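Just so you know, these numbers use all the heavy atoms, side chains as well, and skip hydrogens, waters and symmetry mates. Naming convention: chains lettered A, B, ... in sequence-line order (proteins, then strands); numbering from 1 in each chain. Because the structure is predicted, anything quoted here is derived from the model rather than measured.
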2 protein chains.
Amino acid sequence: MDRQANGALVPDVTLDRTSPVPLYYQVATRLQQQIEEGDIPVGSRLENEVELADRLGVSRPTMRRAISYLVERGMLVRKRGVGTQVVHPKVRRPVELTSLYDDLLKSGQAPRTEIREFEVRPAPDQIAEALGIPFGAEVTWIERLRFAGDEPLALMHNAVPLDVLRLHREDLERNGLYDLLRGAGHVPRMANQVVGARTASAGEARILDEARGAPLLTMTRTAWDAAGKAVEYGSHLYRASRYSFELNLTS
Amino acid sequence: MDRQANGALVPDVTLDRTSPVPLYYQVATRLQQQIEEGDIPVGSRLENEVELADRLGVSRPTMRRAISYLVERGMLVRKRGVGTQVVHPKVRRPVELTSLYDDLLKSGQAPRTEIREFEVRPAPDQIAEALGIPFGAEVTWIERLRFAGDEPLALMHNAVPLDVLRLHREDLERNGLYDLLRGAGHVPRMANQVVGARTASAGEARILDEARGAPLLTMTRTAWDAAGKAVEYGSHLYRASRYSFELNLTS
DNA sequence: GTCAATGGTTTGTCCTGACATATTTTGTCA
DNA sequence: TGACAAAATATGTCAGGACAAACCATTGAC
């Protein structure tokens with residue numbers, strides 16, 4: 001906008017054509033940086049595609065692909081006949097598939113996990129159905145208690161089919177379940193979650209250090225990998241006083 | 001796969017080049033139909049892009065765009081050097097931005113809404129901040145009680161900035177809030193939600209026909225339109241015994 | 001018999017060029 | 001001055017070609 005038309009002020013051409021990183025992605029990353037650093041102010045219109053492509057020395061399809069990438073991520077809005085605008089940076093990330101372990105790591109709290117149960121056994125019918133495996137097929141069944149600092153936060157039950165991953169107790173003590181799944185090549189890509197609430201039973205209350213009847217958040221989830229294979233079933237209980245789900249949605 | 005190599009069995013070439021509907025979209029829709037009707041079985045590999053493009057009489061970029069569209073929707077998976085596969089139809093839809101009203105309509109229950117409060121007033125500071133409007137700016141403030149059949153289901157509080165939509169009580173009695181927003185051209189596109197749980201106070205319990213101390217699901221949300229303008233703030237209470245959130249996530 | 005090289009298949013990236021369409025601005029005429 | 005028409009500007013769509021990179025299976029050597 002307020003730049004010279006001759007393009008003299010463009011020293012930051014950091015595109016590397018020998019790099020294995022796709023050009024369109026390099027362009028998109030560069031644009032994203034400029035937006036996040038306020039170089040391109042929120043609400044302002046970008047230069048048009050053709051000029052941008054010219055200035056960066058890429059073709060228009062490549063430029064369009066970079067812009068499309070940011071449009072999909074909710075960072076830019078395009079209007080035909082008008083131009084491309086930077087939207088409010090408040091909502092950026094779409095819903096991500098993460099685990100509680102990841103969430104805690106991100107927020108800087110040290111997660112600790114106590115494994116209370118660990119066995120291979122036939123899956124209960126309800127879980128077998130959720131996983132889409134034959135009734136009676138064997139799964140690794142886990143009960144874990146997760147702490148944030150010294151306080152218990154969640155009581156988690158998981159079932160992992162044996163042909164997906166042969167779990168070991170010591171791995172689970174060091175890593176989150178999702179890390180292990182990813183490491184085994186079964187990257188969770190889709191999941192169906194149901195979030196509800198109920199009150200704690202006496203046993204649950206004791207384990208979670210809550211009063212009996214305290215409100216708990218419940219979450220049951222089935223996760224699939226890219227090929228559509230079910231990789232995990234989970235049924236978790238969270239202390240409502242210490243935890244809530246945050247979701248960023250895009251339509 | 002089991003089709004003749006000469007391509008004799010392709011009577012359904014229904015592409016219309018004079019139509020204003022983009023070619024790639026026509027191709028994608030056609031593919032989607034064939035997948036949903038089982039014409040192209042789940043798990044099977046598609047023909048390669050070049051052949052498909054040839055057979056349909058479109059260029060490879062157009063074919064790729066059609067396939068990409070379905071990949072983004074989670075219907076297909078591409079692997080370089082391997083091919084394109086139809087994924088399990090169980091998880092298809094990404095997270096959608098809906099309201100409780102829509103949810104109830106879909107599940108076939110008749111929703112009814114009782115408006116308990118309706119006024120224009122300055123936004124409380126916390127809500128003004130969530131909406132990104134100046135402190136003290138006026139909003140339409142609503143308290144509604146939603147029923148499924150005869151039973152109360154949720155107690156909902158909403159705030160809508162005046163410059164987004166001038167609400168009328170009678171509109172709200174007939175339509176969901178999101179329909180009204182969409183009708184006014186402020187299509188909600190992004191939202192940030194926090195889902196938690198707590199126990200009902202005496203007053204809330206009375207309104208929702210629950211016992212005091214019953215578990216409630218809480219949800220607070222801010223929604224923005226495509227331009228990044230905040231269009232709605234909501235703080236809702238659901239009876240945990242009657243309602244839960246279902247989410248489909250994709251990474 | 002096992003492991004490494006090789007070649008074919010398929011998707012991924014990038015280019016040039018052209019035309020279509022929506023929107024806003026400008027210009028002209030009544 | 002007002003309304004309508006034309007032009008300028010921007011994104012949207014589509015074609016055709018070229019090369020790169022990943023994957024798989026087969027072949028070959030040890």
(request) Can you check each nucleotide of nucleotides 10-18 of chain D against protein heavy atoms at under 4.0 Å and return B for base, S for sugar-phosphate only, - for none, in 5' to 3' order? (result) BBBBSBB-B
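- Partners of A/Arg60 under the side chain to side chain donor-acceptor pair (under 3.5 Å) rule, at least two apart in sequence or in another chain, are A/Glu49.
- Protein atom CD of B/Gln85 is 14 Å distant from nucleotide atom P of D/dC23, rounded to whole Å.
- In this view, A/Tyr24 satisfies the ring-ring contact (aromatic ring centres under 6.0 Å, His included) rule with no residue, not counting sequence neighbours.
- Every residue two or more places apart in sequence or in another chain that forms a side chain to side chain contact (heavy atoms under 4.5 Å, CB included) with A/Glu138 is listed here: A/Val120, A/Pro122, A/Leu162.
- With sequence neighbours excluded, no residue satisfies side chain to side chain donor-acceptor pair (under 3.5 Å) with B/Arg17.
- Remark: B/Tyr25 engages B/Tyr69 in a ring-ring contact (aromatic ring centres under 6.0 Å, His included) (not counting sequence neighbours).
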